[in-house]
Every structure is written in structure tokens, then in C-alpha cells.
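Below is one structure, written out as C-alpha cells, with a few remarks after it.
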Amino acid sequence: MEMKVMADTLWVLITGMLVFFMNLGFGCVEAGFQQSKNCVNILSKNFVVFAASTVAFWFIGWGLMFGDGNPFVGLQGLFMTGGLDNSPATGDAYQGVYSALNWTGVPLAAKFFFQLVFAGTAATIVSGAVGGRIKYFSFIVFSLVLVGIIYPISGHWIWGGGWLAKAGFWDFAGSTVVHSVGGWAALTGAVILGPRFGKFGPNGRINAIPGHNMALALIGALVLWLGWFGFNPGSTMAADPRLMSHICLTTNMAACTGLLAATAMSTWMLKKPDFGMTINGCLAGLVAITAGCAFVSVSSSAIIGLIAGAIVVPAVIFFDKMRIDDPVGATSVHLVCGTLGTLFVGLFAQDWVSPNTTGDGLLFGGGTKLLMAQLTGIVAVGAFVLVASSITWLVVKAVMGIRVSLQEEIEGLDIGEHGNQAYPDFVGRKSHISYLGVSNSEGRSS
Amino acid sequence: MEMKVMADTLWVLITGMLVFFMNLGFGCVEAGFQQSKNCVNILSKNFVVFAASTVAFWFIGWGLMFGDGNPFVGLQGLFMTGGLDNSPATGDAYQGVYSALNWTGVPLAAKFFFQLVFAGTAATIVSGAVGGRIKYFSFIVFSLVLVGIIYPISGHWIWGGGWLAKAGFWDFAGSTVVHSVGGWAALTGAVILGPRFGKFGPNGRINAIPGHNMALALIGALVLWLGWFGFNPGSTMAADPRLMSHICLTTNMAACTGLLAATAMSTWMLKKPDFGMTINGCLAGLVAITAGCAFVSVSSSAIIGLIAGAIVVPAVIFFDKMRIDDPVGATSVHLVCGTLGTLFVGLFAQDWVSPNTTGDGLLFGGGTKLLMAQLTGIVAVGAFVLVASSITWLVVKAVMGIRVSLQEEIEGLDIGEHGNQAYPDFVGRKSHISYLGVSNSEGRSS
Amino acid sequence: MEMKVMADTLWVLITGMLVFFMNLGFGCVEAGFQQSKNCVNILSKNFVVFAASTVAFWFIGWGLMFGDGNPFVGLQGLFMTGGLDNSPATGDAYQGVYSALNWTGVPLAAKFFFQLVFAGTAATIVSGAVGGRIKYFSFIVFSLVLVGIIYPISGHWIWGGGWLAKAGFWDFAGSTVVHSVGGWAALTGAVILGPRFGKFGPNGRINAIPGHNMALALIGALVLWLGWFGFNPGSTMAADPRLMSHICLTTNMAACTGLLAATAMSTWMLKKPDFGMTINGCLAGLVAITAGCAFVSVSSSAIIGLIAGAIVVPAVIFFDKMRIDDPVGATSVHLVCGTLGTLFVGLFAQDWVSPNTTGDGLLFGGGTKLLMAQLTGIVAVGAFVLVASSITWLVVKAVMGIRVSLQEEIEGLDIGEHGNQAYPDFVGRKSHISYLGVSNSEGRSS
């Protein structure tokens, strides 16, 4: 037994470290896909937001999410002060206030560490979508609310033993808990902020604002992919040899087919294999498989990735047409594919993969019950986060403002917000704002 | 027993993730050592090729390589559909069609994951050597054949229980299985494509085409080094405390002495410690120790690295003199040092390191038998891959063409193949093609 | 028992790999914070120094540090030839000459690997502080002495069972053993070399020399943070579930509060949240928690990080005012916060965290005994390294010179020392030396 605790803890901590490393991945992808004049600002936002998240999750989020309470929110164990907790004892032997996690036999600190790095991810998703025009400290305040309150509440419904868990909703590693929540917060932020100056021209013109560093974007993408091997397989929170190996395969496969599908799709729609789309296709596959990675077969994961990668390309174009300015495609990747992936559990789940969890999905003879539960969760979480984050953005806007001045935006947030330059030794090129009929050359797509 | 499966699986999955991360390493080294106008193209090739490899290895390569069959090729277990496989059972208790891997007690999915990330490496080696002039989709098609068919066949001979394994040939982690195979495919590709425009001038002149980003190259080199701690120690495919610790040391030592030797050698031959040579010396040491990391002492690993690092510098110059344009030195690193490393097993192996495997090599009183077996393998694999990949390249050339137009090559493949720019915010410098008597300033050595 | 050895070895090797990866972190932070004309030189120094360290530590350092000997130095087990060592046997069952490490039940090679990557860190700290003007080979010679002799001797006092260990001095993962030692060596180097040309103007003017690549700096910072999850939790050198989980939390928390404090402090002192200060605040928190990560509560770690992050900002300004030119703030981060963190053990330690080690610190009713022991260690190690590294620098200076010519310094060390350029495809901006009253725009801070 003691040996099992060792192995489980090794797995949880090491995969948690990989998830932590996703902070670098998000920072690099988001900075690479935006302009050099905003590079320091984006990097700094991604860096500081994890620190802010740690504090917020430690003070309040963790207890709201995993503390014992009612079906809607955790009420005990705030400030990690839940009294006696005898982890790594499990099941009925567990005595403490975080009983929603009594199935994993690791020390309390390991549980907290693993959930903390997940919580940090949600805020980091928002960062990209609001880039290039948000005030630095306003973003941090929003993130504190998101990680301290909004994310934990909907998380409690699902992973904290709340009403959605009881309703038969399944989200293994967080397509909804993490990615859709981050995606909704990103979408509301992007809408409330409005587009960057020059992004949308008159007569429906959509302007290309290319990302400044594709090498940085690739570093980010591969670090994220690596991190996902922590995110998904680590969510077993136990060293279960068969399951964690299986999840490595489903995760990897969906990333690959997503990548290939988006590359093909962009070759077809944009005439050439756009590199930004290839990257976003990979991330789309990863986001989509996150909910079902422990519930579907490897073949199904290939199909799930394929669909997600194919959809992310028109999704990016769709948001542009809606004149919603999301410089890195975060909404298309995290919200659209997070929602899809959650839904796909209802279609592709097979009981043999993780017995006594989801049962079979619709395509494998399981009927529509699971699918309906998934839909319920998608709608409920979406409605909650949409409202809660809109209110938060609007309050922040009213109290401290959320958008930098037009002059600062044009000069770049690096100088305006930080007094820094990202690359002072190099001669920059003037931003050439060219109006195009179609946005085939977003930051994500140069 | 169950605990051992846990520990073994932890080790195999985590080291497999590190090997996966080598995709980032190869991408960064190769892009850093080439021109900025081709940066997106190189990154995209390295990124997409792993996805393509995953699909090809899943569909066919895995079965050809590890499925039961004859001494030349695996015939069962294609599409991972080998029927019942009761891994993690081992030895005689194992029942399934992948009996060549019945010595490792991890789930089938873990075996597949670990071998998959190895297979991806082979294709990635090719990418650098053919950079700057190959058509994007032609490269992907070649890679599908390489990872789906060529690599698994020679791999079956060695790791799949085929004729070379039975002949007493040893290659612990793949100096030949992976690196030489990739190196031969790279060499044939570079020759069949011909050199980049401007690389070789009249009268035997060799032109310097400096790499565009040495920071990117260093990131790549250190990510590769980290990845090699997965590649070599992970190839135990079991948590064997003594052996995996030993392999960490031999791997690290050879990297260090290779790095130092190439730095010294370039200081001597080129008058200054060329940074590209330092990086390639490190990789040379790593490639060379890969075959013998589990069979030689730490002192021997120091010598092996030293020789590899010293040889890589004249090797780079040699290929330039042969007017073979390999922009990143992949042939010198992977083919030359992979071959050397395989041979060195026959010289430096000592029975005590891994009892009941290689026995002692020539320098430790073991006679020439092992050395002859190693030579046999080197020649056989070399001949096979040379022929098979030449045919593949020529077929691809005939069917879809392999080289971009001269105009596209001059303008850069980023625009031509992808419609992207890697660094649109920065002012570029015109390619200044300076003719030099000696190539001391390749991409890898600027 | 055998299973425990497996789990322990898994942990030690994997965390050792993370510490190895810190080489990339240091390289990127240091290069990002300095000028592009010196980028190759800085990267190459960081890369080569680890190889040199490996050789020096293998030949002599390891034996001096961990070999049995007297309270001041190890005398046995040089060249890893300590005769029979029956690791992983522990305690009284251990027979060998490295009895200071007989408490950890892993193979000898794993112990060596883990300690080796630590030793490499010390040299790497120096690299940044002496950047922009030191001769390449002179730096390498100094590093050989530092890692081969100086670091192991003071290390023997503490981790090798020497006199400081017996005096009740505690430094869990090396705030003093590694960071202060590196910091003192960095400080002496920076002083003896003198400032970079143009750094300090007439009339007390301090000139800003901005770092050239903030994306590179962030990559470095997050890689370092990841590496610290190896550095601190790995220093358990055993898979102790409770303790290693706890250390993940204290390490992470101090990084976060350090980051936030430095961001706030720079906003207050410099009017804007300077990105370089944010990064250095994070590293300051990490350095400061290193000594006490296994001895203090999570709440205490938050306070320790907060203080370190707040102090690093005025510390950077202080060294500038003293006209000591440390281009990356290494002295402020590693020496100042390493010293602080060591001292804080005497204040914040609590017996329950690691029973039978430090006992309680002053703030938790433990009296001043621990604090005095900590002070003794700080002073003793500081005095030793100050003297030993000054002598070493002066001998190197006398024998081979340590500073490049003024002309080479102005043109950049990349060309002068290596014949390379880091970014040949981009148009550079002329160094504009602007004199400021205050240094708010150091490499690390703009």
C-alpha cells in the first residue's frame, strides 16, 4: 500500500509539473501570434497570472471547488485549513473535508498541487484573446476572480462532487471544466473590450495583423503538447498502468489528427498550409480529446481530433466575420473544441475503456442518456460562466477601466504598460495595416 | 509484481514523453541553423512530420517492426489489431503477436507509445538535411514511407527479433536503428535534391549560408540533450535502478566530451570555438553513445564521445567538399556518428555492464566476434536504407516533384509554401552570398 | 525494499533531469538580458560550462565533496574509484567511501548524477554576471576550478558531513551550497573584471544597457522554475510522498509571491511593472526558499518569497550604485536571496515539517541556536568562497588575461570570440548609450 502511494505520488507530481510547464507554452504561443510591440506585455501577463492564480486558488478557490459543501459550491476547507485530512487514505478510510478527491491515494499537498496547476491554465487561456489592448492590472484583477471564484464554482459541479457529477456528466481532464470555462471568459473579454485598432476596416473588411515570431509559437505549441501528457494522463491521479498508457495514446493521436486536419483544411480553404492553422489544429485536437481521453478508444480519438482540427479553421474565420477580435484564436480552440470534445463523450464513450464510469455513448449503443447529460453540462457551465465573467469584466471596466488608450495601443503595450521593449537591438518594421476581404492572415496565420 | 508494472510503466511513459519532446529540439536546431526566410517551413515540416509518423506507424509500421513474422519483417499485429495481447505479462506468460517485446512488463499501449516516439525521430532527422529547397508535401510523403515501411523493416531485423538480432548485433537505443537510418535517408535526399542555390560556387568555392538564430539552435540542442535522457535510459523499458542510472551517466558523459572535443577541434581547425560546431559535437557524442550506453563503462563513454565530437568537425567539412549540401550537418551527426557508435560497441562493450548481452568487446578481451556482428549490421542496414530511400525519393520526384522553383527558393519557402513569414515585424538583411575557400561558416557554424 | 529502490531511483533521476534542464534556463535568461552582439558568447559559455563541470566534478569534485575524509574536505573516492560501494544499501548496511550519502537508497550512479547537475548550476550562475567582457577560455578555466575544487569543499562542510553539518547548519537544497557560492564567485568576477564599457558614466551616471530578447528571458525563467521542481523536491533523494509534495508547494508558493512582490515593488519604485524585475523576483523567491523548502510551512514559504521578491529590486539598484556591473542581476538573485533564504531557516523552520532535522526556528519558539548556526555557515562559506574565487580570478587574470580588448567588447564577443553572429538575417540597431540618473533599465529591466 505504501508503495502504491509512492508510485501514485510520483505520477501526480511529475504530471503536475508538466501541466505547470504549459504556462510557458501558452506564453509562447500567445506572444508569437501577436505583434512584437506587445510581446513583453503578453509574456508578463501569462507569467504573473499564474502567480496570482496560485494565491487566489490557495486562499479561496481550492475550498470552493473541492471542499465539502452543497451541490453548487464547496464550503469547507478554505485556506487549506480544512482541519484534519488523513490523505493518502482513500475511500471510506478518508477523513477530511475534501471528500470529492477521496478516490486518489496521494497526500493532500499533491492533490492541491495538481489542481492548482489546472486552475492556472484557465486564466492563461483568457490572456491571448484579450491581448493587444487590455490594461495589465485589470487583466490581473479579472484573473483573480476567475481562478478564485468562477472556475472553482463550475468546477465543483463536476469534479467537486456537485450536481453535474450526480447528473451523470463526465469530463475526464477538463474540456469543459478548464477549456470551455477559459474560452467563455475569453470570449466575453474579447467582446467587451472590442477589437484592436485597425483590425476591422469599413465595409466588412478584415485586416490581417500577423504574429511576430513563428519560432516562438512553435516552441509554445510543442511545450503545450508535452504539457498535455501531464494534463490528460495525469488526471488519473494514480499510477494506473493500463489507463495512463491508454490516455497517452488517445491524447497523442487526437493532437496528430487535429494537426493534419487543420493543415489540410487550411490548404483547401486558404490555398496553402498556413502554419498558424497547423498549430491551432493541434491544440484543437488536444482540447477536444481532453474530456474523453479516458473513455474512448484510440480509433475514436483519431476521429475526434480530425473533426476538431477541421472545425477550428472555419471557426477562426467565423469569429472574424462576427467582428470579434481574438488575436490568437483562443475562442475557436478552447471554447469551440472544448464544447465539441465534451459532447463527443456522449457519442464515442465505450464502457470497456474505463469500466463503471460513462458507460457506452450513442455510437456504441449506449443511447442518448449520456449525450443529454453532456449537453446539460455544456449549457449550464456556459450560461454560468458567460454571465459571471461578463459581470466581472463590466465591474472591472467600471471601477478601473479595461482598455489602454488608443495612443498606447498603437505604440504598443510594452512601452505603455511596462516601459520595456522586447527586442531593443533590432530594427522593427512599421505596422502595415493592409485591408483584406478575408482574414486568412491573422496573428495565428500570419 | 503489480507494483513493478507501475514503476516500469511510469518510467516508460515519462521517458517516452521526453523523447516526444525531441521534436521541439530537432525543430529548433534545424530552424536556427537555416535562414529566416525558410524558418516557418522547417518548423512546420518538423511539426507535421510527427503527426504523419504517428498515423503511419499506427497503421502499418508498428506491426512490420514488432509483429511476429519472419526474420526480415513482421507480419502480424498491423493496425494494432493483433488480437489478444496480455501485456504486461512477460516472457513465457506473454500471449500475443508482439513477442519481440515480451521482455518488458508494461501495457501494450505503453510499448506502442515509446516505440512511436522513436519512429518519429527518424523522419525528423531527414528534415534538416533537405531544408531550404524541398517541396513541403513531397517531404511528408517521403516521411510516411520512411516511418511506415523503411524504418520498421530494418528495425525488425534488430529490435523485432529479426536476423541481425539473432546474428549477435547489438544496438541498445538506436545509433543504427534510428540515427543511421535517418542519416542515410537524409544523405540520399540531400544528394537527389542537389544543393541550395548559391551554396557552391565555381572553382570549388563553398559558400557560407549562416543560420539565422543561434538562440533557437541552443534551445534545440538542450531540449535534445534532455530528450536523450528519455531516449537512452528509457530504452531499458523497465525501472531497473542500476542500469537506468548507469545509462544517465554514460549518456551525459558522451555529450560532454563530444561537446568539448568539437569545441577544441573547431578552435584548432577554424581558429575559433565555432558555436555550431559545439552544438553538433554535443549531438555527435549523444548519437555515438546511443548504441552502447547500456554496454560500456562511464570511462569508455567519455572516450566514445570524445572521438565522435572530434570527428564531426572534419565530417562537416568533408561533406561540403563533396559538394553535398546538408544545411544542418545531419549526415555528419546522425549517419557518421551513428555508424561509429554502433561499431564502438564491438570495441568498448564490457560484460559486467549488462550481463548476458553483448559480452566483452575487442578492447576488453572479447575478440572480434561482436565487432564483426556490428559491422554486418552497419553494412546491411546501410545498404537497405540507401537503396530503399533512394527509390522512394526518385518515385516521389517523378510523381510530384521534390524541389521548389528557383524563384521560390530565393524568396524563401515560408512565403512560397505557406504564405507565412516567420518574423514579419523585423527588418531583414539581404542574403549576402560570400564565396569562401573553406566552409567554416555553414548554417551550423555561421 | 527493492520496490522502494525503484521508486526512489525514478524520482532522483527524473528530478535530476529537470535540474539538468536548468542549463537551458540559465542560458536563456542570461542571453535574453544581455545584448544581441554577445548572445552566442553567453549561450556558448552556459553550454560548454556544463560539459567542463561534468569532467571536473567527475575527476575530482565529487570525491572532495562526498568522499569520506575530515570535517573540511573529502579525501577518498576521487575519480569515482572509491572501491566497493554497495549502494543502494543504506545506513549501517552501507559499505563504501561516500558515507555522507548513505541515507539515500539509490544506486551510486544516481547519487552522482543528481549531485553533478547541482554542481553544474553553480558555474552557470557566474556566467551571467561576467557577461559581455570576459574571455571565453578564461571563464572556462575559472569554472573548472570552481566546480572541481571550491564548490566541493564548502559543499563538503554542509552536505558531505563536514563541520557545518555537525554544527547544526541546515541547507536543504542549496541556498548556500549552490546559490550563494555561485553568487560570491559571480560578485568577485564582476568586481575584478570591472564594468562593461559605457555602463557607468561620469558624475555617478548609470547607463542602461537593455537586454535584447525578452521572449528568450521568459523561456529561461519558466524553464528555471520547472527545473526548481527538480532542484528542491528532488533533494529528498527518495520518493517520500508527503515531503516531496510539500516541497512542491513551498517551492511554487515562494516563486509566486516573489514574482508578485517584485512586480509590485518595481511598479512602486520604477512607476511601471518592469518585466525584468518580475522575472528576477520569481527567481529570488525560488533561491530564497531553496534552503528551507523542506523545513517551513506553506504559509511561511509565501512570506519568504514575498521578502525575497521585495528585496531583489533595491538590491539590483544597490549594486548599480556601487558601480558593480552585473548585467543580469545574478548577485542580487543568487547571493542576496541565497543568503536571506539560509538565514530564514533559522526564523521560519518548524519541527513538524521534517521531524528530527532543524527543530523549530526563532519565530516558532525554537530560540536562537538554529539562527546562529545558519549565520555561522553564511559567514564561513562566504569568507571561503570570496577568498578562494578572488585568488582564482587573479591567477587566471595574471596567466591568461580575463578581459577582451575594448574594441572586441564594443564590436561584440560573438564575432571576437567565436566568429559567429547570433542573428545574421536581421538588421541591428546601433547601441544607443543613454545616460540616466537611475538604473531602471538594466539588461534585466527593459
(request) Nearest 0.5 Å please: distance from the CZ atom of A/F47 over to the CG atom of C/L259. (result) 4.5 Å

(request) Would you confirm whether C/H212, through its side chain, and A/Y423, through its main-chain N or O, come within 3.5 Å as a donor-acceptor pair? (result) no

(request) Mind ranking A/V40, A/I140, A/V12, A/V55 by heavy-atom pairs under 4.5 Å with chain C and telling me who comes out on top? (result) A/V40

(message) If you compare all heavy atoms of A/P424 against all heavy atoms of C/G211, which two are closest, and at what distance to 0.1 Å?
(response) CG-O, 3.0 Å

(message) Please classify the contact between C/N252 and chain A as side chain, backbone, both or neither, with a heavy-atom cut-off of under 4.5 Å.
(response) side chain

(request) Measure the OG-NZ distance between C/S245 and A/K111 for me, rounded to the nearest 0.5 Å. (result) 10.5 Å

(request) Please check if the side chain of C/R242 supplies one atom and the backbone of A/P107 the other of a donor-acceptor pair under 3.5 Å. (result) no

(request) Identify the heavy atoms of A/N420 and C/G276 that sit nearest to each other, and give their distance. (result) OD1-N, 4.5 Å

(request) Counting only heavy atoms closer than 4.5 Å, note whether A/L24 contacts chain C via side chain, backbone, both or neither. (result) both

(request) Quick one: which of C/T267, C/T257, C/I14, C/I219 has the most heavy-atom pairs under 4.5 Å with chain A, could you say? (result) C/I219

(message) Would you compute the distance between atom SG of A/C39 and atom CG of C/L218 and round it to the nearest 0.5 angstrom?
(response) 8.5 Å

(message) Determine whether A/W58 and C/S299 satisfy the following criterion, side-chain contact (heavy atoms from CB on, under 4.5 Å), listing intermediate values before the conclusion.
(response) CA-CA 10 Å; A/W58 182 46; C/S299 301; 3.8 Å; yes

(message) Quick check on A/A110 against chain C: is it the side chain, the backbone, both or neither that has a heavy atom closer than 4.5 Å?
(response) both

(request) Taking A/D425 for its side chain and C/S36 for its backbone only, find out whether a donor-acceptor pair lies under 3.5 Å. (result) yes

(request) Let me know if A/V427 has heavy atoms under 4.5 Å from chain C in its side chain, its backbone, both or neither. (result) both

(message) Using heavy-atom distances under 4.5 Å, tell me whether A/L10 contacts chain C through its side chain, its backbone, both, or neither.
(response) both

(request) Can you measure from CE (A/M6) to CE (C/M6) and round to the nearest 0.5 angstrom? (result) 12.5 Å

(message) Which atoms of C/A217 are under 4.5 Å from chain A, going by heavy atoms: the side chain, the backbone, both sets, or neither?
(response) neither

(message) Non-hydrogen contacts under 4.5 angstrom with chain C: give the residues of residues 115-125 of chain A involved, or none if there are none.
(response) A/L116

(request) If a pair satisfies side chain to side chain donor-acceptor pair (under 3.5 Å) and one of its residues is in residues 8-25 of chain A, list it, with sequence neighbours excluded. (result) A/K4-A/D8, A/W11-A/T236

(request) Please state whether the rings of C/F229 and A/F113 are parallel, tilted or perpendicular, taking 30° and 60° as the class boundaries. (result) perpendicular

(message) Which one wins on heavy-atom pair count under 4.5 Å against chain C: A/F20, A/F137, A/F21?
(response) A/F20

(request) Identify which part of C/L216 has an atom lying under 4.5 Å from any heavy atom of chain A, answering side chain, backbone, both or neither. (result) neither

(request) Rounded to the nearest 0.5 Å, what's the gap from NZ on C/K272 to NE2 on A/H418? Could you check? (result) 9.5 Å

(message) For C/H246 versus A/A109, what's the shortest heavy-atom pair and its separation?
(response) N-CB, 4.0 Å

(request) List the steps and the verdict of ring-ring contact (aromatic ring centres under 6.0 Å, His included) for A/F50 and C/W225. (result) CA-CA 12 Å; A/F50 179 69; C/W225 191 339; 5.6 Å; yes

(message) Is there a side-chain contact (heavy atoms from CB on, under 4.5 Å) between A/D414 and C/F275? Walk through the geometry before answering.
(response) CA-CA 9 Å; A/D414 289 4; C/F275 187 50; over 6 Å; no

(message) With a 6.0 Å cut-off (strictly less than), is the heavy-atom count around CH2 of C/W268, excluding the residue itself, greater than 12?
(response) no

(request) Kindly compute the distance separating CE (C/M214) from CG (A/L43), expressed to the nearest 0.5 Å. (result) 10.0 Å

